[in-house]
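In what follows, chains carry the letters A, B, and so on, assigned in the order in which the sequence lines appear, proteins first and then strands, with residues in each chain numbered from 1.
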Amino acid sequence: MSPEILHHATVRSIEQVARDTYLICSVDEQVSCNARAGQFLEIKVPHCAEILWRRPFSIHNTQPQKHTFDILFQTIGQGTHRLAHLAPDSELDILGPLGNHFYYEREMREAIVVAGGLGIAPFMLMMRELAQRRIPMQLFYGVGSSDQFCCLPLFEKYATLHLSTIDGSLGHQGLVTDLLSDYLDRNSDNHGKSLFVCGPTPMLHKVKEIAACHTIAAQASVETVMACGFGACVGCAVPMTNPVAGQKEYFLACKDGPVFDMREIVIDD
Amino acid sequence: MSPEILHHATVRSIEQVARDTYLICSVDEQVSCNARAGQFLEIKVPHCAEILWRRPFSIHNTQPQKHTFDILFQTIGQGTHRLAHLAPDSELDILGPLGNHFYYEREMREAIVVAGGLGIAPFMLMMRELAQRRIPMQLFYGVGSSDQFCCLPLFEKYATLHLSTIDGSLGHQGLVTDLLSDYLDRNSDNHGKSLFVCGPTPMLHKVKEIAACHTIAAQASVETVMACGFGACVGCAVPMTNPVAGQKEYFLACKDGPVFDMREIVIDD
Amino acid sequence: MIDLSVQIGPLTLKNPVMTASGTFGYADEFVDFCDLNEIGGIITKTVTPQPRAGNAPRRIVELPYGMLNSIGLPNVGIENFILEKMPFLQTLKTHIFINVAGTDEEGFAYCVCRLEDVAGISGYELNYSCPNVKHGTSFSSDARIAERVTRNVRKVTARPVIVKLTPNVTSIAEIGRACENGGADAVSAINTVVGMSVDIKTRKPRLSTIIGGYSGPAIKPIALAKVFELAQNLSIPVIAIGGIACAGDALEFLVAGATAFQVGTVNFHEPNATMKIKKDLEFYCQKNNIVKLMDIVGSIQL
Amino acid sequence: MIDLSVQIGPLTLKNPVMTASGTFGYADEFVDFCDLNEIGGIITKTVTPQPRAGNAPRRIVELPYGMLNSIGLPNVGIENFILEKMPFLQTLKTHIFINVAGTDEEGFAYCVCRLEDVAGISGYELNYSCPNVKHGTSFSSDARIAERVTRNVRKVTARPVIVKLTPNVTSIAEIGRACENGGADAVSAINTVVGMSVDIKTRKPRLSTIIGGYSGPAIKPIALAKVFELAQNLSIPVIAIGGIACAGDALEFLVAGATAFQVGTVNFHEPNATMKIKKDLEFYCQKNNIVKLMDIVGSIQL
Ligand SMILES: Cc1cc2nc3c(=O)[nH]c(=O)nc-3n(C[C@H](O)[C@H](O)[C@H](O)COP(=O)(O)OP(=O)(O)OC[C@H]3O[C@@H](n4cnc5c(N)ncnc54)[C@H](O)[C@@H]3O)c2cc1C
Ligand SMILES: Cc1cc2nc3c(=O)[nH]c(=O)nc-3n(C[C@H](O)[C@H](O)[C@H](O)COP(=O)(O)OP(=O)(O)OC[C@H]3O[C@@H](n4cnc5c(N)ncnc54)[C@H](O)[C@@H]3O)c2cc1C
Ligand SMILES: Cc1cc2nc3c(=O)[nH]c(=O)nc-3n(C[C@H](O)[C@H](O)[C@H](O)COP(=O)(O)O)c2cc1C
Ligand SMILES: Cc1cc2nc3c(=O)[nH]c(=O)nc-3n(C[C@H](O)[C@H](O)[C@H](O)COP(=O)(O)O)c2cc1C
Ligand code: FES
Ligand code: FES
């Protein structure tokens, strides 16, 4: 029985950082010191017996010196609304860090990060990791409207920003994948480039196409419904590109992922 | 569709008045002006979708000039705990007044009120009603320990008090029905006396025996589980003393009661 | 103008909102809460040939998102029902369905026979499936008996007959088909799911009859599967029952193939639920540009 | 010293806490959360003669107090199971039961046969009842088939055999008796309840297979009724499954007649639930002066 993975963290602060978007900073040495970018936590929705499943959230950032970590989330349904109403000093019943993490090729010379909406969550920690390795970064970040952008000043420190909004209120009007295509078309030498993406399924689909077309390695952090987060329920199936029919046709998002090489998984459009 | 019986009241104040016991005062003209002693309200437990049934509470008191009414309750389970945590100005989703009320014989010369624990709840309103009719009152009121007594100073204004506690911390040590027996034994003339009782089943059982033995008319406010409170679920059955086998063997606590002539109902011991 | 009307056999209901037997009394209990004429169809509490006192307390148990009941079909019997309950029901301007049950096979046809000359009745619902009375479920767990009883009722009435089915069987579609063959105009499902609760302090079952019927939102997923199965296998309309508490719940059933639905347990704690659901259905249609609610019946994308 | 041990056929379990198949993986997923040797008995995820990939997503749906699943029994097949999963299980100091299923009648005995020479196995659980695979429930909804399959397994093993029953039948006692006649040492019940959920926005069923299995606290009242029915009608031990989330839930089942119980869905969100339940059972016995937990089995006051 290792005490590390299932435990309680203490909420230090909680603040609204964008429309319907909150940042919770919590004290927990274990998560703070060990988490890698792309990993996630399963958090129990407090005071709500009827909500059985924990809720999965990417580890947004860590402050190892302070023993704290952040999650960044959007209020979607009952669970996230309850989390948004937590008071400082409440206990968070957490499970994690879980899952694999983004993998950095030795030969990587430029990281191209593509985020849609709350898909931005895992990339703060990643950028800190990559900054330590002095890898140049491009951040393609699209949201619906400008009040949904999170942490732009911080991201700007790490990466060149390419922003888009559906309503045109900031940056390019339209999809962030348009900006990505343009960028790659302009820079024909793709050697040493790695793509990292997290966001809604249609965006993943598009990025997969773009990556294939430019033959750039791309990793996606994938979201599925999850009952457990640690391989027990086998509910978080992700179809494999090269299935062994009737034997092995699916990965598990929580255990084999959430980060996948995009060539290996089928993304429905 | 009459708007009167299903409606929202506004909580004016809520205070703890005894151990685990709270008094909620709410604004509602309809209840305040029309309620009779013995009637009850069905109150929806707020913010708790999983608790389906409303919770029944006696109308403890009314302040018709102020358009307010009180309920007095003990925290038992989840529902009452949630009610105890209501904030002033919250809305209460209420149904009522429901049920019948205590009936006063024209010839009544003395009211003998017997209350066990929270069984005291309906009797404040009753005492106000009887005080208007200038009926002398005896209150036999038993609890476990002295910190469970409610509103003694007020009751003292209306009635002669006969108190008991199981632990002997105030009044007679033991059951309040001992005091009742003594009192009736001492006063052999039972003409014009009426008994009114509310409390746990073993107490009702004992009072029924005492009343029969002294041939005093006794009315009890009976508690059963209730899914609706208005005659629709037929769940709140109370066995009749004189059943018509296979046809009519039960009263409904919510509609035929909650107040019954004790001779008409079976009280299990 | 949104058309909420639905068709159950030869009858047009002004909307698909009905009340489930035993949860709406004889409707008079709800005059303070509902405009009864706005309800698509009212189904009365089960009436039997002879009066019944019902089961001993305790008859009901609350559970999270549900309840158990073992009421035992107390009712005044068919003769008193006609005298005492029908006059009020006859004043209503909506479809009234009388839910009947027999303690033997003949009891069903007997009740229906007695009601044939009574005015103000749109049809019948046969309660084959009450788990709280002896032999209560045999009528709906044996296809041959179900078909026979239905046929016998069919013989004595031209009014629409709905058969109410229990979920506590291996194949509800098989029983439903038998009722269809027997001449039923529609089936309704589900009655309560057999359930139990134990008080570990006293080590006694909470209900006097040990087991009872589970109802309320907790059984909705079960009801949906049964209604879908019936809709896929029968050609007569299916009326959905089970845990419906809001318009969203009702829509799940309509999409899955139900032509109408009954509101049950929720009436106890939200006695105006039928009104609210009807209004919200209208609102849903408006928002989604649905002119005729009937168009979404069975619109499930498989 | 409180004696929590219970007897399942010839086996003594150190306590009645078991894990439900498909909710505890092959136990290795839980090393971070539980002292596996403290669990009374571990039942592994269903293994079949051939490898299976399982159903297409979406496989799981959350509901209030419950969930739907349609996993489809993905597993590496009996040969790989022996090679890949058994070595870890063999290191554990508790009873290991291998849950097996066949896609045809022979499949059950085939799997058991293959496992007979493998060490570290205390017994088998036969999954007659998975609603998420074709023909999954026929083994447990037809008494003759259930008896025959049990008998065929009985012939090939002397190890204890538990038959796991579905609640989705008219009479679970009838099927249970058939298994008893076929030579089962115990029955376990219930597997999941057939359920469904519809997304009214897309008008699609939420599960890829349309219907799935309902589990979790919401099905506890149903499971209790079934376990009680089995305990009243069979003479072999009944192992309770269904919505058990705390010691209080477990006690309801023990009082109603279960000899042991399995913890299922709750493992997903409280992966140390088995540990907590065991501790709380001990605490309950202490508080209530119960020296031998087995004494409360079937102690229901009727
Ligand atoms: C590995 C992983 C990492 C994640 N990281 C983050 C993160 O860092 N920040 C963040 O805000 N969210 C993240 N999510 C999504 C987050 O888990 C869900 O938003 C959350 O569980 C919703 O809970 P709820 O109770 O508020 O909504 P629910 O009541 O569960 O759902 C409300 C509605 O939203 C839908 N829904 C639920 N989850 C999702 C989803 N993932 N995508 C789209 N629709 C959904 C439901 O089907 C339902 O219709 C992550 C998910 C995964 C699997
Ligand atoms: C007509 C009527 C009038 C009432 N008036 C009052 C009143 O004025 N003040 C007051 O405090 N209470 C009153 N009650 C009782 C009150 O309704 C219950 O205490 C309340 O419903 C408990 O709700 P809960 O959610 O807190 O507990 P639950 O979670 O419903 O119950 C917790 C535990 O207490 C038991 N329990 C529930 N209700 C009762 C009860 N009535 N008696 C004994 N055990 C019970 C349950 O079986 C369960 O084991 C009245 C009841 C009736 C029928
Ligand atoms: C208290 C109660 C009494 C019931 N009485 C009857 C009845 O008399 N006849 C009948 O056919 N069904 C009866 N039912 C079953 C309901 O009509 C309905 O089929 C069931 O409750 C499922 O729907 P729900 O989940 O919406 O309540 C009763 C249900 C409850 C809860
Ligand atoms: C995700 C999931 C997967 C399951 N897989 C299996 C399985 O492989 N074999 C089996 O016999 N039962 C399986 N079951 C059924 C459980 O073992 C158990 O019988 C059921 O879930 C009821 O118990 P619960 O309410 O405690 O979960 C599964 C249940 C769930 C929720
Ligand atoms: S979420 Fe349970 S196995 Fe992945
Ligand atoms: S509480 Fe429903 S009839 Fe009395």
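- Residues from residues 244-267 of chain C that place a non-hydrogen atom less than 4.5 Å from a non-hydrogen atom of chain D comprise C:G248, C:L251, C:E252, C:V255, C:A256, given in numerical order.
- Only the side chain of C:I210 comes within less than 4.5 Å of a heavy atom of chain D; its backbone N, CA, C and O stay farther away.
- Heavy-atom pairs under 4.5 Å with chain D peak, among C:A218, C:P217, C:S171, at C:A218.
- Considering every non-hydrogen atom in both C:T170 and D:V169, the closest pair reads OG1-CA, 3.3 Å.
- The nearest pair of heavy atoms linking C:M196 to D:L224 is O-CD1, 3.6 Å.
- For chain C, the option among D:D199, D:L68, D:L63, D:I296 with the highest count of heavy-atom pairs below 4.5 Å is D:I296.
- Proximity of D:V193 to C:V193: side-chain heavy atoms (C-beta onward) are nowhere separated by under 4.5 Å.
- Ranked by non-hydrogen atom pairs under 4.5 Å with chain D, the options C:G66, C:P167, C:P205 are led by C:P205.
- Proximity to chain D (any heavy atom under 4.5 Å) is restricted, for C:T202, to the backbone atoms N, CA, C and O.
- Sequence neighbours left out, the pairs with a member in residues 281-302 of chain C that pass salt bridge (Lys or Arg N to Asp or Glu O under 4.0 Å) are C:D3-C:K292.
- In terms of heavy-atom pairs under 4.5 angstrom with chain D, the leader among C:P221, C:P64, C:A225 is C:P221.
- Closest of all the heavy-atom pairs between D:Y284 and C:I200 is OH-O, 4.0 Å.
- Distance check, rounded to the nearest 0.5 Å: CD1 of D:I222 to CG of C:N168 gives 8.5 Å.
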